[in-house]
Amino acid sequence: MRLRGSSGDVTLNAAQRAAVEHGSGPLLVLAGAGSGKTRVLTARVARVVDALGVSPHRVLAVTFTNKAAGEMRERIARLLGAEPRGMWIGTFHGIGARMLRLHADRVGRTAEYTIYDEDDTLAVVRRLMDREKVSVKDFAPKAIAAAISDAKNALVPPPEYAQLALTPLAKAAASVFVAMEPVLRAANAVSFDDLLVLPVQLLREHDDLRAHYAARFEHLLVDEYQDTNHAQYEFVRLMAGPQGNVAVVGDDDQSIYGWRGADVRNILDFERDYPGARVVRLEENYRSTPAILALANVVIAQNAERRGKTLRATRADGETVTLLKTLDDRDEADAIAEMIETRRMNLRERPAEFAVLYRTNAQSRSLEESLRRRSIPYRLVGAVRFYDRREVRDLLAWLRLSANPADDEAFRRAITAPRRGIGESTVGLLAELARAQGVALLEMARRAGDLEAVRPAARQALADVVRLADRFRASAADASVDRLVVEILKATGYDEALRAEGPEGHDRLDNVRAMVEGAAETVVDDGGELGLRPLDHFLQQATLVTAADQLGPDADAVTLMTVHTAKGLEFPVVFISGMEDGLFPLARAFDDPPMLEEERRLLYVGITRAERKLVLTWAMARRRNGELMPGILSSFLTPVPAAHYAAETTAKLRGSASAFAYSSASVRRPGAPVARPAAWVPASDEESQVAPRYVKGARVRHKAFGAGTILELSGAGRDAKITVEFDDETVGRKRLVVAFAGLEREDD
């Protein structure tokens with residue numbers, strides 16, 4: 001078989017050629033970002049088949065995604081000039097599923113076994129929690145399922161997990177875990193995690209199978225080895241067999257999935273596991289400009305736990321990296337949108353050439369709104385649009401019900417946020433009676449106390465909903481929207497319900513906080529005037545965003561995504577927003593050195609997504625639960641010499657007196673102690689920042705209403721309100737929230 005475009009014909013640099021032409025024995029390819037690792041991996045497979053004469057039937061190639069596996073197969077076929085028939089190419093889970101079909105009887109299944117997805121597995125967990133008397137009020141089923149998943153991927157069997165369980169959650173999960181395998185076996189089913197666990201069990205417990213696969217696969221190749229967890233590591237070790245012809249490709253500097261079980265030690269300790277292994281470093285980068293790579297090298301060099309390599313650019317010099325300092329998160333989003341607009345006009349760059357990356361999904365809200373206001377098309381990748389997220393829609397339901405008691409759809413959703421024991425049959429009965437009596441569901445719920453067909457517990461739950469809805473409606477008449485959202489969170493217990501969901505619930509709480517920030521900004525948009533019903537304005541805005549057209553993956557649109565989601569992608573122009581301590585890196589990483597290093601690797605991944613222009617942005621203040629909190633430049637960037645970037649500030653920051661209020665909290669010398677940013681807590685000097693001294697009779701000016709005279713003052717700090725008689729008779733007397741009115745004293 002002639003190898004089309006073989007390693008002798010394909011253009012390879014010296015390091016790539018060394019990896020491709022390596023003969024027998026273990027091989028570790030440390031492939032830096034943009035260094036052509038996929039070309040090396042596929043060319044090596046092709047060479048093993050073509051030059052070494054190994055049958056495709058005796059080659060196993062493993063990767064992490066079906067897309068990557070498909071692309072690998074296509075590239076190998078092009079290089080060989082024919083399909084590599086008999087070669088196993090797939091994901092870890094796909095290869096595991098294939099093995100289980102062949103040997104299902106040895107794990108108590110048949111070849112027709114069912115693979116349970118996340119929802120199926122969660123349903124099993126819920127039933128077992130009920131059977132094992134594990135209260136869903138005390139432990140969220142998702143948290144139990146996540147704990148079991150972590151244990152499986154760490155190859156910790158149920159009995160051992162039960163012995164090691166110390167926390168209440170672990171003990172609760174242990175009882176469910178122990179009961180789960182018999183239930184799955186009886187259903188002839190496996191969970192998604194079992195596709196890793198059971199193949200390892202097969203290889204560990206059956207010498208004949210281990211010998212069979214060691215002889216079958218003469219060469220084993222693994223992509224993205226830095227992302228392997230313990231189960232995947234053990235699978236590779238067992239499948240490699242005594243000959244040790246295992247070639248792994250990865251980058252320890254791009255190991256960013258520790259939170260889901262990936263262990264960077266797998267790649268760091270490769271030579272310990274495979275003595276005599278050859279190590280090849282791919283350091284020539286074909287993606288980014290020298291300025292971008294210079295910054296990436298300086299940032300990642302701060303990590304202690306790494307193999308060490310330096311990316312070298314093959315591209316010509318390009319634009320300088322920009323570090324943009326902004327006033328707050330809203331100014332940050334506006335500045336990014338304006339830079340995109342400017343580059344589109346001046347450089348004729350298309351929207352699809354831009355990507356805006358962020359650490360958490362909650363950051364997308366302000367970015368979405370800034371792009372939407374400028375009619376810049378965008379697409380959100382790897383996440384639901386902000387106002388379509390479950391937790392946001394849940395709170396919107398309570399807000400809609402507060403604004404409009406006749407909103408039956410809002411009522412149906414609100415009673416499930418959180419769930420309070422009102423079942424479908426009860427709602428169905430209410431709906432039937434409401435139609436007959438011509439009233440809304442909320443009004444019918446008000447009358448539920450007289451309905452004998454409704455069980456007592458449900459009647460009490462409905463009475464609670466009515467009480468809460470009445471309370472929120474009364475609050476909505478005068479309270480700002482952000483205060484109303486916080487009240488809803490606390491009074492309904494929805495915040496506690498999210499916390500009980502474990503790590504996923506904490507991510508949802510971040511989105512809730514972003515919603516509170518957006519609600520606070522609605523008051524700003526309204527000029528602080530109480531009579532404009534900010535709630536109505538906010539709900540209208542949210543509805544319009546929800547109704548926005550979804551753009552497809554091929555649309556000419558700006559891409560918004562988390563840095564995690566961006567791994568493996570590249571864009572001509574990249575913005576990384578939110579470069580502040582407490583956000584990037586996350587606050588909890590400061591007390592966890594391995595996590596802090598992973599956060600730095602994540603930044604390295606973000607930086608190396610950029611091809612020709614990189615902009616890093618940070619805000620001197622960021623809204624948390626409606627409160628402006630001081631921002632501190634990320635400690636990942638403070639040690640970087642100024643020669644590696646051009647420092648810029650936004651016009652809004654340069655012209656704002658507020659900048660001085662935050663300057664002392666925002667600047668830190670390299671090496672100085674890192675301040676732990678508070679989350680969802682008002683700043684101690686909040687009142688002095690947002691409530692300037694006003695006195696009765698003083699003259700003030702409003703940006704929309706003009707000049708006027710202060711008649712009354714009430715409240716203090718952020719809740720201070722002021723009544724002004726404006727000179728313009730068409731405006732007249734207005735009652736304003738001082739914090740958001742933007743008033744200026746005429747004598748200033």
Side-chain angles (χ1 to χ4, degrees), residues 3-22 27-51 56 59-81 83-84 87-92 94-95 219-228 232 236 246-257 262 267 270 278-288 293 296 309 311-315 564-572 604-605 608-611:
L3 180 62
R4 299 181 181 178
S6 68
S7 60
D9 300 321
V10 174
T11 302
L12 297 171
N13 62 41
Q16 290 173 333
R17 184 176 297 278
V20 169
E21 295 182 350
H22 172 72
L27 170 69
L28 168 62
V29 181
L30 292 171
S35 63
K37 74 175 181 65
T38 304
R39 167 183 285 192
V40 168
L41 191 65
T42 53
R44 174 162 179 77
V45 172
R47 184 179 185 279
V48 163
V49 173
D50 184 69
V59 177
L60 169 63
V62 190
T63 187
F64 272 81
T65 67
N66 290 313
K67 179 182 178 182
E71 291 176 351
M72 190 185 301
R73 179 177 289 277
E74 290 174 5
R75 289 196 185 195
I76 292 170
R78 284 199 300 270
L79 288 173
L80 292 174
E83 280 290 323
M87 184 182 297
W88 280 24
I89 303 176
T91 65
F92 278 98
I95 297 295
H219 282 269
L220 170 60
L221 300 98
V222 185
D223 193 14
E224 304 286 5
Y225 190 66
Q226 79 281 348
D227 291 335
T228 53
Q232 291 158 337
V236 171
V246 54
V248 303
V249 181
D251 183 3
D252 53 306
D253 289 334
Q254 296 187 73
S255 178
I256 59 173
Y257 296 114
I267 194 168
F270 185 78
R278 183 177 184 182
V279 179
V280 177
R281 286 174 169 82
L282 305 183
E283 298 177 305
E284 291 189 49
N285 177 283
Y286 296 90
R287 175 188 302 154
S288 306
L293 295 183
K309 63 182 176 302
L311 295 179
R312 300 187 299 273
T314 59
R315 297 185 56 165
H564 276 105
T565 307
K567 186 173 182 294
L569 303 177
E570 55 191 51
F571 300 89
Y604 173 83
V605 167
T608 54
R609 299 311 95 197
E611 297 174 359

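Only heavy atoms go into these numbers, but all of them, side chains included; no hydrogens, no water, no symmetry mates. Nothing fancy with the numbering, it's 1 onward along the sequence.
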Trainee: Listed by chain and number, what are the side chain to side chain contact (heavy atoms under 4.5 Å, CB included) partners of Arg281, not counting sequence neighbours?
Mentor: Leu30, Val279, Glu283, Arg307, Lys309

Trainee: With rounding to the nearest 0.5 Å, note down the distance linking CZ in Arg312 to CG in Asn13.
Mentor: 8.5 Å

Trainee: If I take atom OG from residue Ser35 and atom CD from residue Glu284, how far apart are they, to the nearest 0.5 angstrom?
Mentor: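 Result: 9.5 Å between the selected atoms.
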
Trainee: Given Phe92, which of Val62, Asp227, Thr63 fulfils the side-chain contact (heavy atoms from CB on, under 4.5 Å) condition?
Mentor: Val62

Trainee: Can you name the nearest heavy-atom pair linking Leu311 to Gly32, along with the distance?
Mentor: CD2-CA, 3.8 Å

Trainee: Can you tell me how far the CD atom of Glu224 sits from the OG1 atom of Thr91, to the nearest 0.5 Å?
Mentor: 13.5 Å

Trainee: Please answer whether the main-chain N or O of Val45 pairs with a side-chain N or O of His219 as donor and acceptor at a distance below 3.5 Å.
Mentor: no

Trainee: Say you draw a straight line from CG of Asp251 to CG of Leu282; how long is it, rounded to the nearest 0.5 Å?
Mentor: 9.5 Å

Trainee: NZ of Lys567 to CZ of Arg609: how many Å apart, nearest 0.5 Å?
Mentor: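 If we round to the nearest 0.5 Å, Lys567:NZ and Arg609:CZ are 7.5 Å apart.
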
Trainee: Identify the two heavy atoms, one from Leu569 and one from Phe571, that lie closest to each other, and give their separation to 0.1 Å.
Mentor: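 Distance-wise, the nearest heavy atoms are CB-CE1, 3.9 Å.
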
Trainee: Within the side chain of Arg287, is there an N or O that forms a donor-acceptor pair under 3.5 Å with the backbone of Ala33?
Mentor: no

Trainee: State, to 0.1 Å, how close Gly90 and Ala69 come at their nearest heavy-atom pair, and which atoms those are.
Mentor: CA-CB, 3.9 Å

Trainee: Donor-acceptor pair, distance only, cut-off 3.5 Å: does the side chain of Ser255 make one with the backbone of Gln226?
Mentor: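 At least one qualifying donor-acceptor pair exists.
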
Trainee: Check whether Arg75 reaches the backbone of Leu41 with its side chain - one donor and one acceptor, N or O, closer than 3.5 Å.
Mentor: no

Trainee: To the closest 0.5 Å, what do you measure between CG (Asp223) and CD1 (Ile89)?
Mentor: 11.5 Å

Trainee: Give me the atom names and distance for the closest heavy-atom approach of Ser288 to Ala610.
Mentor: OG-O, 2.5 Å

Trainee: For Gly250 and Ile267, work out which heavy atoms get closest and say how close.
Mentor: C-CD1, 3.7 Å

Trainee: Would you find a donor on one side and an acceptor on the other, under 3.5 Å apart, between the side chain of Arg44 and the backbone of His22?
Mentor: yes

Trainee: Go through Ile76 and Met72 one step at a time and tell me if the side-chain contact (heavy atoms from CB on, under 4.5 Å) criterion holds.
Mentor: CA-CA 6 Å; Ile76 292 170; Met72 190 185 301; 3.9 Å; yes

Trainee: Once you measure the plane-to-plane angle for Tyr225 and Phe270, does it fall in the parallel (<30°), tilted (30-60°) or perpendicular (>60°) bin?
Mentor: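 Correct class here is perpendicular.
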
